[in-house]
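Numbered from 1 within each chain, the chains take letters A, B, ... in sequence-line order.
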There are 2 protein chains.
Amino acid sequence: MDKCHCDPSEKYDSISTGSKEKNRELALLCKALAHPARVQILKLLVRKQSCICGEIVDQIEDLAQSTVSQHLKILKDTGLIRGEIEGTAVCYCIEPSGLRRLRVLIADI
Amino acid sequence: MDKCHCDPSEKYDSISTGSKEKNRELALLCKALAHPARVQILKLLVRKQSCICGEIVDQIEDLAQSTVSQHLKILKDTGLIRGEIEGTAVCYCIEPSGLRRLRVLIADI
DNA sequence: ATGTTTTATCGTGTTTTAACGATAAATAAA
DNA sequence: TTTATTTATCGTTAAAACACGATAAAACAT
C-alpha cells in the first residue's frame with residue numbers, strides 16, 4: 001500500500017515496450033492459457049513427460065469430449081502441445097519450444 | 001520432431017495437476033494478458049518504475065480513451081496494476097505482488 | 001460560479017469464446 | 001464385412017470480450 005507518485009522527469013518516448021510483434025505473441029500464448037481446463041491439460045502433459053492419449057478427456061471432469069477436443073486444438077494451434085495419431089488414438093505431448101517461448105516472454109515483461 | 005509414444009506404465013491418478021484453485025488463478029492472470037494492449041500497458045508500467053498517469057492512452061495508439069480505460073480496469077481487477085487518484089488525473093503503477101504471482105504460477109507449470 | 005480537463009462508466013453493436021450433442025472419419029476388432 | 005472405439009468437426013446457442021461514442025463525475029482553473 002505504498003504511495004504512488006508520478007515522476008514527470010521520465011519521458012515516455014524513451015521507454016520501449018518491446019516490439020508490437022512480441023506483445024502480440026505473448027498475448028496469444030496467454031490467451032491459450034486463459035482457461036482452467038487448458039492450464040490443467042498443459043500441466044498434465046508436462047508432468048507425464050511421455051505423452052498421454054485421449055484419457056485427458058477423463059481427467060478433465062465436467063467437460064464433454066468435444067469440448068476437450070476443442071481445447072486441445074487451441075493448445076496445438078498455439079504451439080504449446082503436439083498431437084500424433086497412434087492407431088485409433090491420438091497421443092498428445094508438450095511442445096517444449098512453445099512453453100520455453102512463453103517463459104521467455106513472461107520473463108521479458 | 002521426435003517420436004511421441006504413450007507410456008502406459010504411468011498412472012494418471014498419480015499425477016497432480018495442481019489445485020483447481022491454482023489453475024483457475026493462473027487462467028485469470030493469463031486472461032488479463034490475453035490482449036496486446038494490456039501486455040503493452042503492463043510493460044510500460046514495469047519499465048517506468050514510478051507510475052504513469054493517463055498518458056498511457058496516448059501510448060496505446062489506435063484505441064479510444066474509453067477502450068484503454070477498460071483495459072486498465074481489467075488489469076486492476078486482476079491485481080496486476082494499481083491506480084491512485086492524483087488530483088484530476090489517475091496514476092497507475094505496477095502491483096508487484098500480482099506480477100510475482102504470475103511468474104510463480106508460470107514457473108509451476 | 002463557470003468552464004475545462006481528465007477519467008470512468010453506460011449503452012450499444014460486433015465479434016469471439018465456450019459448451020454441447022450429433023455426426024463423420026479412421027482404425028481396430030469381431 | 002460388419003461392428004465398435006476413438007477423436008475431430010459441424011451446427012447451434014449462450015455468454016463474454018472488444019471497441020466505440022456519449023455522458024457523468026471529480027478536481028482544477030478562471
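- Straight-line distance from the CG atom of A:Leu75 to the C1' atom of C:dT17: 14 Å, rounded to whole Å.
- Regarding A:Ile41, its CD1 atom lies at a distance of 13 Å from the P atom of D:dT7, rounded to whole Å.
- Atom pair A:Leu72:CG and C:dA18:C1' shows a separation of 15 Å (rounding to whole Å applied).
- OP1 and OP2 of C:dT16 both lie 4.0 Å or more from every side-chain N or O belonging to A:Lys31.
- A salt bridge is defined here as a Lys NZ or Arg NE, NH1 or NH2 lying under 4.0 Å from an Asp or Glu carboxylate O, and B:Arg24 with B:Glu21 meets this definition.
- The shortest distance between side-chain heavy atoms of B:Ile56 and B:His71 does not fall below 4.5 Å.
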Tell me, with the steps shown, if A:Lys20 and B:Glu61 meet salt bridge (Lys or Arg N to Asp or Glu O under 4.0 Å).
CA-CA 11 Å; A:Lys20 266 193 170 32; B:Glu61 44 194 27; 3.3 Å; yes

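- No single ILVMFWY cluster, assembled from side-chain heavy atoms under 4.5 Å apart, contains both A:Ile81 and A:Leu28.
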N/O contacts under 3.5 Å, protein versus nucleotides 19-21 of chain C?
unit_1 : atom_1 : unit_2  : atom_2 : d
C:dA19 : OP1    : A:His35 : NE2    : 3.2
C:dA19 : OP2    : A:His35 : NE2    : 2.9
C:dA19 : OP2    : A:His71 : NE2    : 2.8
C:dC20 : OP2    : A:Ala64 : N      : 2.8
C:dC20 : OP2    : A:Thr67 : OG1    : 2.9
C:dG21 : N7     : A:Ser66 : OG     : 3.3
C:dG21 : O6     : A:Ser66 : OG     : 3.4

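- At whole-Å resolution of the value, CD in B:Glu84 and C1' in C:dA8 are 17 Å apart.
- At least one donor-acceptor pair closer than 3.5 Å links the side chain of A:Arg38 to the backbone N or O of A:Lys31.
- Set against D:dT9, C:dA18, C:dT9, the side chain of A:Arg38 has C:dA18 as its closest nucleotide.
- Under the side chain to side chain contact (heavy atoms under 4.5 Å, CB included) rule, B:Leu26 has a single partner from B:Leu105, B:Asp108, B:Val104, which is B:Leu105.
- One can place CD of A:Glu55 at 15 Å from P of D:dT5, the figure rounded to the nearest angstrom.
- Within the 4.5 Å cutoff, side-chain heavy atoms of A:Leu102 are placed close to those of A:Leu33.
- B:Thr78 places a side-chain N or O within 3.5 Å of a backbone atom of B:Ile74 that can act as its donor or acceptor partner.
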For DNA chain D, please output the secondary structure as dot-bracket, reading 5' to 3'. Pairs are Watson-Crick or G-U wobble, both atom distances under 3.5 Å; mark crossing pairs with [ ], other-strand partners with |, unpaired with a dot.
||||||||||||||||||||||||||||||

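- Atom pair A:Leu28:CG and C:dT16:P shows a separation of 13 Å (rounding to whole Å applied).
- For D:dT6, the OP1/OP2 oxygens have no side-chain nitrogen or oxygen of A:Tyr92 closer than 4.0 Å.
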Return a single string for nucleotides 25-30 of chain D, one symbol per nucleotide in 5' to 3' order, where B is base contact, S is sugar-phosphate-only contact and - is none, cutoff 4.0 angstrom on heavy atoms.
--SS--

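- At distances below 3.5 Å, at least one donor-acceptor pair connects side-chain atoms of B:Arg47 with backbone N or O atoms of A:Ile109.
- Within the 4.5 Å cutoff, no side-chain heavy atoms of B:Leu44 are placed close to those of B:Ile60.
- Here the options are A:Leu75, A:Val46, A:Leu80, the test is side chain to side chain contact (heavy atoms under 4.5 Å, CB included), and the partner is A:Ile41; only A:Leu75 passes.
- Atom CD1 in A:Ile56 sits about 14 Å away from atom C1' in D:dA8, given to the nearest Å.
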